[in-house]
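Please see the structure below; I have some questions.
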Amino acid sequence: MKYEKYDFAQVEKKWQDIWDAKNVFAATNDYTKPKYYALVEFPYPSGQGLHVGHPRSYTALDIVARKRRLEGYNVLYPMGWDAFGLPTENFAIKNHIHPEIVTRQNVAHFKSQLKSLGLSFDWNREINTTDFNYYKWTQWIFLQLFKKGLAYKKEMSVNWCTSCKCVLANEEVVGGVCERCGSEVVHKVKSQWMLKITAYAQRLIDDLDLVDYIDRVKVSQINWIGRSTGAEVEFGTTTGDALTVYTTRPDTLFGATYMVLSPEHPYIEQWADRLSNMEEIRAYQAEAARKSDFERTELVKDKSGVELKGVKGINPVNGKEIPIYISDYVLMTYGTGAIMAVPAHDTRDWDFAKKFGLPIIEVVKGGDVEKEAFTDCETGTMVNSGMLDGLSVEEAKEKIKTWLEENGKGQSKVNFKLRDWVFSRQRYWGEPIPMVFCEKCGWVPLPESELPLRLPEVKSYEPTDSGESPLAHMDEWVNTTCPHCGGPARRETDTMPQWAGSSWYFMRYCDPTNSEALASKEALDYWLPVDWYNGGMEHTTLHLLYSRFWHKFLYDIGVVSTPEPYAKRTSHGMILGENGEKMSKSRGNVVNPDEIVREYGADTMRLYEMFIGDFEKAAPWNSSSIKGCKRFLDRVWALQNVLEGGKAYRPSLESSMHKTIKKVTEDIEQLKFNTAIAAMMALLNEIEAAGSVNEAEYRTLLILLNPFAPHVTEEIWEAQSFGGMINQQKWVSFDPAKCVDAEAEIVVQVNGKIKCRLSLPVDCPKEDAIARAKEAAAQALEGKTVVKEICVPGKLVNFVVK
RNA sequence: GCGGAUAUGGCGGAAUUGGCAGACGCGUUAGAUUCAGGUUCUAAUGGUCGCAAGGCUGUGCAGGUUCAAGUCCUGUUAUCCGCACCA
């Protein structure tokens with residue numbers, strides 16, 4: 001027994017060094033070759049180092065990338081660092097180290113961890129969002145957005161994390177608390193840079209048709225953008241002012257029995273001297289403003305509000321005067337900040353009407369509006385609605401819209417839940433926003449020639465209680481001259497959010513050192529779109545949406561030539577702790593990838609993470625199961641002991657070889673890595689049962705396994721002098737005709753119950769199969785009458801008897 | 001409340017168009033190797049009745065369609081994830 005075990009630590013290091021030295025995974029700039037761009041989300045280099053979750057995604061696309069190289073593509077599989085952000089900054093504050101140094105250390109650690117896994121990244125194209133040669137172009141994109149009117153500064157109520165002392169985008173507030181630290185989020189009025197993502201809302205929905213994303217990603221993006229169709233309706237008021245509301249149910253206009261304004265609605269101040277209960281109203285406004293998002297959502301069930309006494313609304317369809325309330329269940333940020341309330345057909349209005357004793361008028365027949373709101377749009381018929389009586393809801397909607405338009409009282413309207421993107425952060429460790437404020441000229445963009453605007457050295461990175469960025473104290477940096485008039489001016493001191501750098505990083509990989517442009521047009525045209533992008537579901541409505549928006553904008557201004565950045569998007573499930581819970585330090589169930597690599601080797605680690613279960617689903621780690629993967633690789637290694645010559649598969653194994661190639665080839669494309677590995681294990685079992693392996697069989701097995709376990713396959717390939725490096729061979733092909741066996745096992749059933757099995761040639765005619773089956777099941781058929789004979793060729797014969 | 005998903009042995013999970021449920025792996029049991037532990041090898045392994053041959057039963061639950069259902073239809077329960085007063 002010559003080959004029993006191998007020293008994986010030594011073998012893996014050896015091959016990693018050789019790949020590095022020979023630069024074998026570098027993408028070439030030969031734009032005539034067919035290309036393949038595989039992308040995984042670049043990590044945030046945190047102090048904790050790599051998590052076992054990272055390699056799940058990275059190994060999966062590494063397998064795809066390695067397979068594509070064997071298939072002859074020019075493959076780009078790059079890696080970089082999304083390194084701006086709060087954890088690094090907080091660590092820097094605590095330990096009085098510059099965030100740049102922290103970042104450098106963390107990157108070095110991450111990089112060595114990734115290298116130890118044998119991932120075939122093209123390290124020549126490594127990027128880092130905190131490198132000023134990189135963020136120069138992040139700033140450049142911001143300037144283009146500003147020039148097109150898509151970046152604007154606005155005084156507004158924003159989400160404010162009380163612990164990070166920083167504003168948050170809507171997407172970063174989860175369940176009323178800060179996505180990152182879990183602290184309370186309150187509202188604060190601040191002047192903020194905003195990006196007009198809402199201008200792209202419709203296209204962000206429509207163009208999902210152009211791409212191959214897994215369904216749940218499309219569905220959540222569509223829900224998040226939240227398109228709704230309805231109408232704006234102009235109500236009159238006893239003050240003479242018109243009060244416009246948005247509704248998706250204009251058909252129920254006759255059922256409007258009151259109106260509700262958001263507590264922040266500007267009419268309230270405008271009407272102040274007419275309102276007899278202004279004190280009560282002010283108290284309610286103050287209370288609503290004080291509530292955090294969390295409290296507001298907690299109190300969803302219990303409606304509150306105050307009537308505006310002294311003013312009435314006037315329903316345009318029937319001239320009826322109805323009361324107006326304010327309530328925090330109406331949001332200033334959606335629609336017009338005012339609604340018509342139809343308690344009979346809206347649950348929220350119903351709750352409110354019941355609490356305040358307001359009338360409920362049924363206008364769609366079909367439910368019992370005294371018991372609950374009847375909200376069904378499919379079945380009801382219009383009643384109590386004048387000209388709409390007798391129509392279906394759909395017909396009524398159309399008719400009333402036409403009436404509103406003809407009478408100048410409203411029109412159809414589409415609304416989106418999506419809000420503009422709050423783009424300022426009051427922190428140090430981010431890209432400076434390249435804008436200057438001049439008393440005379442207002443906000444002036446920095447000339448492109450002055451980019452990058454580098455982060456200055458500061459004494460303290462501490463966020464301030466005043467809500468200003470730490471940069472605000474750097475007078476010599478802040479005070480500058482106006483690029484427009486030359487007069488004294490001040491720089492913007494807020495920085496960009498963490499999502500800025502990651503919104504376009506996949507473009508930079510195409511041409512990472514370009515100093516003239518974010519990347520050359522040729523490089524972008526060749527490499528984009530990304531062919532396959534894998535990443536976490538948690539980024540669906542953050543990074544993924546933001547980067548689609550930026551890409552579309554860059555498409556509009558001619559920087560890129562494809563409307564969508566990613567042709568295909570898939571998502572991996574989480575790796576949970578052994579107890580089935582999410583891995584976390586506090587739960588004490590964290591698995592350290594370094595230890596796994598040390599104990600079992602990178603090949604085993606990779607194989608196990610791919611074998612652990614359905615790639616798209618969460619799977620608990622299991623420290624015994626990993627042994628199975630180690631055993632498998634050891635047995636593949638040990639085949640060297642029973643290796644024989646032979647240029648063709650032996651007949652007994654031929655169909656198994658072809659079937660396995662087919663299975664592995666197809667499964668990789670469908671993210672079914674677990675069954676691809678199972679198929680290779682089954683093939684190995686069969687080869688072992690045969691007592692030996694021949695060269696043709698071994699070569700095929702090694703090539704199939706190479707993308708999964710690149711080191712050991714490379715080592716065997718070399719040890720057996722199979723010629724060159726395995727990563728430079730050709731992917732193996734199969735013959736569909738040879739994937740079928742000559743004989744198939746047929747199941748013989750009587751009344752659907754299996755009685756026996758028999759082996760028949762696959763091309764055995766039906767009649768013969770039935771005859772043979774009848775013989776075989778003679779005992780079970782004795783004394784019975786066969787009513788029906790069913791034969792599925794190659795599968796079964798079933799006799800229905802009485 | 002709305003949206004999305006999931007439910008199969010002791011565990012992770014397999015099962016083209018409805019056609020042998022439990023592939024592959026872990027674990028377990030027995031045996032071999034070993035001073036021993038580990039490793040490796042052989043065999044068994046859904047439950048249940050039976051000495052056995054063999055039978056019965058079995059994919060969250062209740063119905064239904066079918067020669068045949070994990071898969072299709074109707075209803076229902078549980079769990080997970082996302083969103084949440086969006087008019």
Side-chain angles (χ1 to χ4, degrees), chain A residues 1 4-5 174-176 215-220 222-224 226-228 230 245-250 252 260 262 293 296-297 299-303 327-331 333-342 345-349 351-352 375 415-419 537-538 540-541 573-574 578 580 607-608 611-614 616-632 634-635 638 666 672 674-685 688 745-754 756-757 787-801:
Chain A
M1 282 298 215
E4 261 190 24
K5 288 267 176 67
V174 177
D215 240 22
R216 56 202 169 117
V217 169
K218 287 191 184 184
V219 168
S220 7
I222 289 168
N223 288 345
W224 182 262
R227 183 181 198 271
S228 85
V245 301
Y246 172 71
T247 177
T248 54
R249 295 292 305 273
T252 61
V260 187
S262 151
D293 270 6
R296 244 170 116 143
T297 48
L299 297 170
V300 164
K301 287 282 159 266
D302 192 26
K303 298 272 179 294
S327 172
D328 62 6
Y329 87 83
V330 175
L331 308 174
T333 47
Y334 186 78
T336 62
I339 62 157
M340 66 173 202
V342 184
H345 305 291
D346 181 285
T347 29
R348 293 151 302 174
D349 297 347
D351 291 343
F352 191 88
T375 55
N415 262 322
F416 296 95
K417 286 192 218 174
L418 186 70
R419 293 287 103 82
M537 274 310 282
E538 70 275 18
T540 302
T541 54
M574 250 194 295
E578 295 223 40
L607 201 65
Y608 175 61
F611 189 59
I612 195 167
D614 184 331
E616 302 198 56
K617 286 196 208 135
W621 186 268
N622 185 311
S623 46
S624 334
S625 280
I626 192 168
K627 288 180 195 149
C629 293
K630 177 85 169 72
R631 284 180 198 146
F632 170 66
D634 285 344
R635 284 159 58 202
E666 291 173 355
K672 291 163 83 176
N674 53 338
T675 49
I677 294 167
M680 289 187 279
M681 288 173 166
L683 179 65
L684 176 65
N685 288 344
E688 284 181 339
E745 194 175 83
I746 306 290
V747 176
V748 182
Q749 298 179 330
V750 174
N751 281 349
K753 294 245 155 86
I754 299 151
C756 60
R757 299 154 213 274
V787 195
K788 202 171 173 185
E789 293 162 345
I790 294 136
C791 175
V792 182
K795 296 250 187 210
L796 58 71
V797 176
N798 186 14
F799 297 107
V800 185
V801 299

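Sequence lines set the chain letters: A, B, ... in the order given, protein chains first and strands last, and positions in each chain run from 1. Side chains included, hydrogens not; waters and symmetry mates left out as well; all remaining heavy atoms used.
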Any donor-acceptor N/O pair, Tyr608(A) side chain to Asn622(A) backbone, under 3.5 Å =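 Such a contact is found between Tyr608(A) side chain and Asn622(A) backbone.
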inquiry  = Between Thr675(A) and Lys672(A) (side chain of the first, backbone of the second, donor and acceptor by atom type, cut-off under 3.5 Å), is there such a pair?
reply    =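 Side chain of Thr675(A) to backbone of Lys672(A): a pair is present.
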ask   = What interatomic distance, in whole Å, is found between P of G19(B) and the corresponding atom of U76(B)?
value =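 Nearest-Å result for U76(B) against G19(B) at atom P: 28 Å.
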task = Determine if the base of G9(B) is syn or anti; take syn to mean the glycosidic torsion is within 90° of 0.
result =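 Syn.
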task = Starting from P on A87(B), measure out to CG on Asp328(A) and report it in whole angstrom.
result =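 After rounding, the gap between these two atoms is 17 Å.
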query = Between Arg631(A) and G38(B), is there a side-chain N or O to OP1/OP2 distance below 4.0 Å?
reply =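 Negative; the distance criterion is not met.
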Give every pair of a protein N or O atom and an N or O atom of nucleotides 2-4 of chain B that lie under 3.5 Å apart, one pair per line with the distance.
from, atom 1, to, atom 2, distance (Å)
G3(B), O2', Asn223(A), ND2, 2.9

ask   = Tell me: CZ of Phe416(A) to P of A87(B), nearest whole Å?
value =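 Between P of A87(B) and CZ of Phe416(A): 12 Å.
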query = Looking only at atom types and distance, does a side-chain atom of Arg249(A) sit under 3.5 Å from a main-chain N or O of Val342(A), one as donor and one as acceptor?
reply =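 Looks like no, no N/O pair under 3.5 Å.
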inquiry  = Nearest to the Phe611(A) side chain among C11(B), C24(B), A87(B), which nucleotide is it?
reply    =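 Of the options given, the side chain of Phe611(A) lies nearest C24(B).
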message = For A87(B) and Ser228(A) - does any side-chain N or O of the residue sit under 4.0 Å from the phosphate oxygens OP1/OP2?
response =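 For A87(B), OP1 or OP2 has a side-chain N or O of Ser228(A) closer than 4.0 Å.
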request  = Return the value, rounded to whole Å, for the distance between atom CZ of Phe632(A) and atom C1' of C26(B).
outcome  =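 Checked: the CZ to C1' distance equals 16 Å.
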ask   = Taking the nucleotide of RNA chain B with the closest heavy atom to each, which residue, Ile626(A) or Trp224(A), is nearer the 5' end?
value =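 The 5'-side residue here is Ile626(A).
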task = Using atom CD1 of Ile677(A) as one end and atom P of A23(B) as the other, report the distance to the nearest whole Å.
result =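 From Ile677(A) CD1 to A23(B) P: 17 Å.
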inquiry  = Is there a side-chain contact between Ser262(A) and Leu331(A) in this structure, where contact means two heavy atoms from C-beta onward sitting under 4.5 Å apart?
reply    =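 No, too far: nothing below the 4.5 Å cut-off.
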Extract from the structure each pairing of a protein N or O with an N or O of nucleotides 15-20 of chain B at less than 3.5 Å, listing the distance.
from, atom 1, to, atom 2, distance (Å)
A15(B), OP1, Lys672(A), NZ, 3.4
C20(B), O2, Arg757(A), NH1, 2.0

ask   = What is the base-pairing partner of C83(B), counting Watson-Crick and G-U wobble geometry with both distances under 3.5 Å?
value =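 When the pairing criteria are applied, G1(B) turns out to be the nucleotide that pairs with C83(B).
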message = Counting only side-chain heavy atoms from C-beta out, which of C24(B), G27(B), A87(B) sits nearest to Thr248(A)?
response =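 From the listed options, A87(B) comes nearest.
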ask   = With rounding to whole Å, what would you report as the distance between U71(B) and U6(B) at their P atoms?
value =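 These two P atoms come out 14 Å apart once rounded.
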ask   = With both distances kept under 3.5 Å, what pairs with C51(B), Watson-Crick or G-U wobble?
value =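 The base-pairing partner of C51(B), which may sit in any strand shown, does not exist here.
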query = Now, which nucleotide makes the Watson-Crick or G-U wobble pair with U6(B), with each of the two distances under 3.5 Å?
reply =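 With both distances under 3.5 Å, U6(B) matches A78(B).
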key: Row check, Tyr329(A) ring normal vs Lys303(A) NZ/CZ: under 6.0 Å, within 45°   =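 Checked: cation-pi criterion met.
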Closest contact, heavy atoms only, Val245(A) versus Thr336(A) =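 Smallest interatomic distance, heavy atoms only, reads CA-OG1, 3.4 Å.
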inquiry  = Please find the pair of heavy atoms, one from Thr375(A) and one from Thr347(A), that lie closest to each other, and give the distance.
reply    =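 Scanning both residues, the minimum pair turns out to be CG2-N, 4.2 Å.
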Spacing of the C1' atoms in G22(B) and C85(B) (rounded, Å) =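 Their C1' atoms lie roughly 48 Å apart.
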query = What does Asn685(A) touch in the nucleic acid at a heavy-atom separation under 4.0 angstrom: a base, only the sugar-phosphate, or nothing?
reply =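 Sugar-phosphate contact only.
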ask   = Does the pair Thr252(A) and Met340(A) meet the rule for a side chain to side chain contact (heavy atoms under 4.5 Å, CB included), with working shown?
value = CA-CA 10 Å; Thr252(A) 61; Met340(A) 66 173 202; 3.7 Å; yes
message = What is the distance, to the nearest angstrom, from the CZ atom on Arg227(A) to the P atom on A87(B)?
response =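 So the two atoms are 12 Å apart, to the nearest Å.
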message = Need to verify one output field. Residue with the more 5' nearest nucleotide on RNA chain B, Lys417(A) or Arg635(A)?
response =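 So the residue in question is Arg635(A).
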message = Rounding to an integer number of Å, can you tell me how far Lys617(A) NZ sits from A14(B) C1'?
response =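 Those two atoms, NZ and C1', are 11 Å apart.
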ask   = When the C1' atoms of C20(B) and G12(B) are considered, how many whole Å apart are they?
value =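 Nearest-Å result for C20(B) against G12(B) at atom C1': 24 Å.
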ask   = Rounded to whole angstrom units, what separation is found between the NZ atom of Lys630(A) and the P atom of C24(B)?
value =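 Atom-to-atom, Lys630(A) to C24(B), this comes out as 22 Å.
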ask   = Taking all non-hydrogen atoms of both residues, which atom of Glu578(A) and which atom of Ser623(A) are closest, and how far apart?
value =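 The pair with the smallest heavy-atom distance is OE2-OG, 2.7 Å.
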message = With rounding to the closest Å, how many angstrom separate the C1' atoms on A78(B) and C61(B)?
response =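 Straight-line distance between the two C1' atoms is 10 Å.
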query = If we take the C1' atom in both C26(B) and U17(B), what is their distance in whole Å?
reply =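 Taking atom C1' in both C26(B) and U17(B), they lie 33 Å apart.
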task = Write down the distance separating the P atoms in A32(B) and G38(B), rounded off to the nearest Å.
result =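 To the nearest whole Å, 15 Å.
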key: Counterpart base for G31(B), defined by Watson-Crick or G-U wobble contacts under 3.5 Å   =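 WC or wobble partner is C41(B).
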ask   = Within the structure shown, what part of the strands sits under 4.0 Å from Ser624(A) by heavy-atom distance: base, sugar-phosphate, or nothing?
value =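 Touches sugar-phosphate only.
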query = How long is the span from the CD atom in Glu688(A) to the CG atom in Leu683(A), to the nearest 0.5 Å?
reply =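 With rounding to 0.5 Å, CD (Glu688(A)) is 10.0 Å from CG (Leu683(A)).
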Separation between the P atoms of G27(B) and A52(B), rounded to whole Å =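 Approximately 29 Å lies between the P atom of G27(B) and that of A52(B).
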query = How would you label the contact of Ala618(A) with the nucleic acid (heavy atoms, under 4.0 Å): base, sugar-phosphate, or nothing?
reply =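 Sugar-phosphate only.
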ask   = Taking OP1 and OP2 of A87(B), is either one under 4.0 Å from a side-chain nitrogen or oxygen of Tyr329(A)?
value =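 For A87(B), neither OP1 nor OP2 has a side-chain N or O of Tyr329(A) closer than 4.0 Å.
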message = Please enumerate all residues that pass side chain to side chain donor-acceptor pair (under 3.5 Å) together with Ser228(A), with sequence neighbours excluded.
response =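 Only Tyr246(A), Tyr334(A) meet the side chain to side chain donor-acceptor pair (under 3.5 Å) criterion with Ser228(A).
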Atom-to-atom span, CG of Asp614(A) to C1' of G25(B) - whole angstrom =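 For the pair Asp614(A) CG and G25(B) C1', the rounded distance is 16 Å.
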ask   = Does any nucleotide pair with U65(B) by Watson-Crick or G-U wobble geometry, both distances under 3.5 Å, and what is it?
value =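 The answer is none; no pair meets the criterion.
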inquiry  = Check the phosphate of A14(B) against Asn674(A), side-chain N and O only, distance under 4.0 Å to OP1 or OP2. Yes or no?
reply    =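 It does, given that an N or O in the side chain of Asn674(A) lies less than 4.0 Å from OP1 or OP2 of A14(B).
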inquiry  = Can you tell me the base-pairing partner of A23(B)? Count Watson-Crick or G-U wobble geometry only, both distances below 3.5 Å, and say none if there is no partner.
reply    =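 No nucleotide pairs with A23(B).
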message = Let's go through Arg635(A) and Asn685(A) carefully: what are the C-alpha distance in whole Å and the side-chain angles of both, what is the deciding distance for side chain to side chain contact (heavy atoms under 4.5 Å, CB included) to 0.1 Å, and is it a yes or a no?
response = CA-CA 10 Å; Arg635(A) 284 159 58 202; Asn685(A) 288 344; 2.6 Å; yes
